[in-house]
**Q** 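Sharing a structure here in structure tokens format.
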Number of protein chains: 2
Amino acid sequence: MVNKIKDTTTEEKILEAARKVFIERGLDGARMQEIADKAGINKALLHYYFRSKEKLFEVIFKETAGNLFPKFEMILNSDKPLFHKIDEIVSNYIDLIIKNPYLPLFVLSEMNKSRNLQLANFFEMQRNKFVEKFVKNIEREIKRGVIKKISPAHLIINIFSLCAFPFIAKPVIGILLEIDDLQFKYMMEQRKKIVTDFIIASIKK
Amino acid sequence: MVNKIKDTTTEEKILEAARKVFIERGLDGARMQEIADKAGINKALLHYYFRSKEKLFEVIFKETAGNLFPKFEMILNSDKPLFHKIDEIVSNYIDLIIKNPYLPLFVLSEMNKSRNLQLANFFEMQRNKFVEKFVKNIEREIKRGVIKKISPAHLIINIFSLCAFPFIAKPVIGILLEIDDLQFKYMMEQRKKIVTDFIIASIKK
DNA sequence: ATTTAATTTAACCAATCAGTTAACAAAATT
DNA sequence: AATTTTGTTAACTGATTGGTTAAATTAAAT
């Protein structure tokens, strides 16, 4: 009875609803009944399709966490200058988070309390050659004298801190800077250029 | 029957236990029984002293969130150069988080799902003149030609992103950079200087 | 058409959890 | 010393919640 005619299959409806509820409330705060209601189905169907709350969460978490590590290797492999690559990574990453603002906090928050080692280990498999390649790119440009001597690990941390943190701190930023949601979104659009400039100004010789 | 002889009063034992449990598990994940066990007292005492789980959480949250906004106004009011002030703020803030690594994620995570507007509003009262003063400091130095033209709001966001984010992303950083807890702590110590240098290099003319 | 398999639901169940109660113990007050 | 107030506990309660079950419905296979 695989429904290929209906536009959304039951399983898809469940996943869509679960995504919303888990991201909004976290694993502990989420209620199976709310997921069922949002999906417009009977609660028993959640268990029919996904066995348990934990299993369903695992599916959503892996999917979501996977999105947090996009394929930037293509960018790093190109023969463009490092500054151009940083620009592309920063712009693409901020764009990605603008489209999914709750993604970083959800993933990092759940990773922190993850009793389930399974989930933590997921990243090790997920770990592509991205970091390794980024480190080599940076080291090469230091040797070539294009950028200052700086720890590649710290530089990478800096780049992603500048991209992701504002979204995690959004409620606090809103209050302290007295800005509304629209102004916040506008600021984040600006940051695509501002963060890139900030980084390059700091490391260029 | 105010116990001023025992080294720790019952209320303090409860707060200490609640702090640990709430920070580790969040509001939804925390269990009153676990708090009682950690405090070595009967569960009913929690309600005797703090009425409800939400009230107890509120006390812990306000206390914790308060720590996230230290009194940097003294630093900003001094007549030292801006670079020196940035150095002090960055060093002190990273030091603060090294001592309480779970503080930022706990506060930001709970603020995000805070159904309770009471808690969100807490920051508005808490909001001291810090941001305002920091903005003026930056604008002045731009006019004086000491630093480049840059949006003060974005610069402030950058500074705190660089300080706080690594602690929030600790589990991911650990896996991607293949470092253990000790190496992580060492890196964070390094960042007191690295982040300061990174910022100053970026904004100085 | 009939049988079989997959999907869906309402009702139910057992466990967990925040919160209460009533009795008891320890201090403080008189 | 007697009484009142404060602090503490074990046992209980009602509500919520993840999960199950058995019956019903729908689709697929024969």
Side-chain angles (χ1 to χ4, degrees), chain A residues 1-62 106 110 113-116 118-119, chain B residues 1-62 106 110 113-116 118-119:
Chain A
M1 190 186 161
V2 181
N3 192 334
K4 297 196 173 181
I5 295 164
K6 259 190 284 179
D7 41 342
T8 50
T9 178
T10 300
E11 200 173 325
E12 279 166 358
K13 281 193 290 185
I14 293 175
L15 287 172
E16 197 181 331
R19 212 174 290 128
K20 280 185 195 163
V21 174
F22 278 131
I23 287 178
E24 188 181 333
R25 310 209 186 273
L27 171 57
D28 291 324
R31 295 291 165 257
M32 293 298 263
Q33 190 59 60
E34 188 183 355
I35 295 174
D37 292 346
K38 269 213 169 58
I41 50 134
N42 187 282
K43 182 165 72 85
L45 271 187
L46 300 180
H47 295 95
Y48 179 79
Y49 279 96
F50 295 95
R51 279 248 318 275
S52 70
K53 187 186 184 185
E54 271 67 31
K55 292 279 178 198
L56 177 54
F57 176 80
E58 207 176 300
V59 172
I60 298 296
F61 180 84
K62 285 185 180 172
F106 170 67
E110 295 298 334
K113 46 189 154 202
S114 168
R115 301 123 243 192
N116 189 350
Q118 195 69 39
L119 289 191
Chain B
M1 190 189 164
V2 181
N3 192 337
K4 297 195 172 181
I5 295 164
K6 261 189 285 180
D7 42 343
T8 50
T9 177
T10 300
E11 200 172 324
E12 280 167 356
K13 280 193 289 184
I14 292 175
L15 287 173
E16 197 181 331
R19 211 174 290 129
K20 279 184 195 163
V21 175
F22 278 131
I23 287 177
E24 187 181 333
R25 308 209 187 274
L27 171 57
D28 291 324
R31 295 290 166 257
M32 293 298 264
Q33 189 60 61
E34 189 183 354
I35 295 173
D37 291 347
K38 269 214 167 59
I41 51 133
N42 187 281
K43 182 165 72 82
L45 271 188
L46 301 180
H47 295 96
Y48 179 79
Y49 279 95
F50 295 96
R51 280 250 317 276
S52 69
K53 187 186 183 185
E54 271 66 31
K55 292 277 179 201
L56 177 54
F57 176 79
E58 208 176 298
V59 173
I60 298 296
F61 180 83
K62 285 184 179 173
F106 170 67
E110 295 298 335
K113 45 189 157 205
S114 167
R115 302 125 244 188
N116 190 349
Q118 196 67 39
L119 289 191

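Small disclaimer: the values here were computed from a predicted structure and weren't measured. Here is the naming used below: chain letters follow the sequence lines, and residue numbers restart at 1 for every chain.
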**Q** Taking only residues at least two apart or on different chains, which pairs with a member in residues 24-49 of chain A satisfy ring-ring contact (aromatic ring centres under 6.0 Å, His included)?
**A**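 Sorted pair list comes back empty.
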
**Q** Atom OH of A:Tyr49 to atom P of C:dA6: distance rounded to whole Å?
**A**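 Atom-to-atom, A:Tyr49 to C:dA6, this comes out as 12 Å.
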
**Q** Choosing from D:dT9, D:dT8, C:dT8, which nucleotide comes nearest the side chain of A:Thr10?
**A**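 Among the listed nucleotides, the one closest to the side chain of A:Thr10 is C:dT8.
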
**Q** Is it true that A:Glu34 and A:Arg25 make a salt bridge, defined as a side-chain N closer than 4.0 Å to a carboxylate O?
**A**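 So A:Glu34 pairs with A:Arg25 through a salt bridge.
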
**Q** Are B:Phe61 and B:Leu27 side-chain neighbours, meaning at least one heavy-atom pair lies under 4.5 Å?
**A**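 Counting from C-beta outward, B:Phe61 and B:Leu27 never come under 4.5 Å.
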
**Q** Please report the distance, rounded to the nearest Å, between CG in A:Asp37 and P in C:dT9.
**A**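 From A:Asp37 CG to C:dT9 P: 12 Å.
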
**Q** Check the distance between C:dT9's C1' and A:Leu46's CG and give it to me in whole angstrom.
**A**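 In whole Å, C:dT9 C1' lies 13 Å from A:Leu46 CG.
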
**Q** What string of B, S and - do you get for nucleotides 15-21 of chain C, 5' to 3', when a contact is any protein heavy atom under 4.0 Å?
**A** --SBBBB

**Q** Could you work out, with ring-ring contact (aromatic ring centres under 6.0 Å, His included) as the rule, every residue matching A:Phe22, not counting sequence neighbours?
**A**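 Scan of A:Phe22 (ring-ring contact (aromatic ring centres under 6.0 Å, His included), adjacent residues dropped) gives A:Phe57.
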
**Q** How long is the line joining CG of A:Leu45 and P of D:dT21, in whole Å?
**A**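 Nearest whole value for this atom pair: 16 Å.
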
**Q** Taking atom C1' of D:dT8 as reference, at what distance in whole Å does atom CZ of B:Phe50 sit?
**A**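 Result: 15 Å.
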
**Q** Under 4.0 Å: is that the gap between some side-chain N or O of A:Tyr48 and OP1 or OP2 of C:dA6?
**A**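 Looking at the OP1 and OP2 atoms of C:dA6, neither is under 4.0 Å from any side-chain N or O of A:Tyr48.
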
**Q** Can you check the A:Arg25 CZ to D:dT17 C1' distance for me, whole Å?
**A**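 Atom-to-atom, A:Arg25 to D:dT17, this comes out as 15 Å.
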
**Q** Could A:Glu24 and A:Lys20 be called an ion pair, given the rule that one side-chain N must be under 4.0 Å from one carboxylate O?
**A**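 Salt bridge absent between A:Glu24 and A:Lys20.
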
**Q** Starting from P on D:dT16, measure out to CD on A:Glu34 and report it in whole angstrom.
**A**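 It is 15 Å, rounded to the nearest whole Å.
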
**Q** Quick one: B:Ile41 CD1 to D:dG7 P, roughly how many Å, whole number?
**A**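 The answer, rounded to whole Å, is 13 Å.
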
**Q** How about A:Lys38 and A:Arg19: do any of their side-chain heavy atoms sit closer than 4.5 Å?
**A**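 Of all side-chain heavy-atom pairs linking A:Arg19 with A:Lys38, none is under 4.5 Å.
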
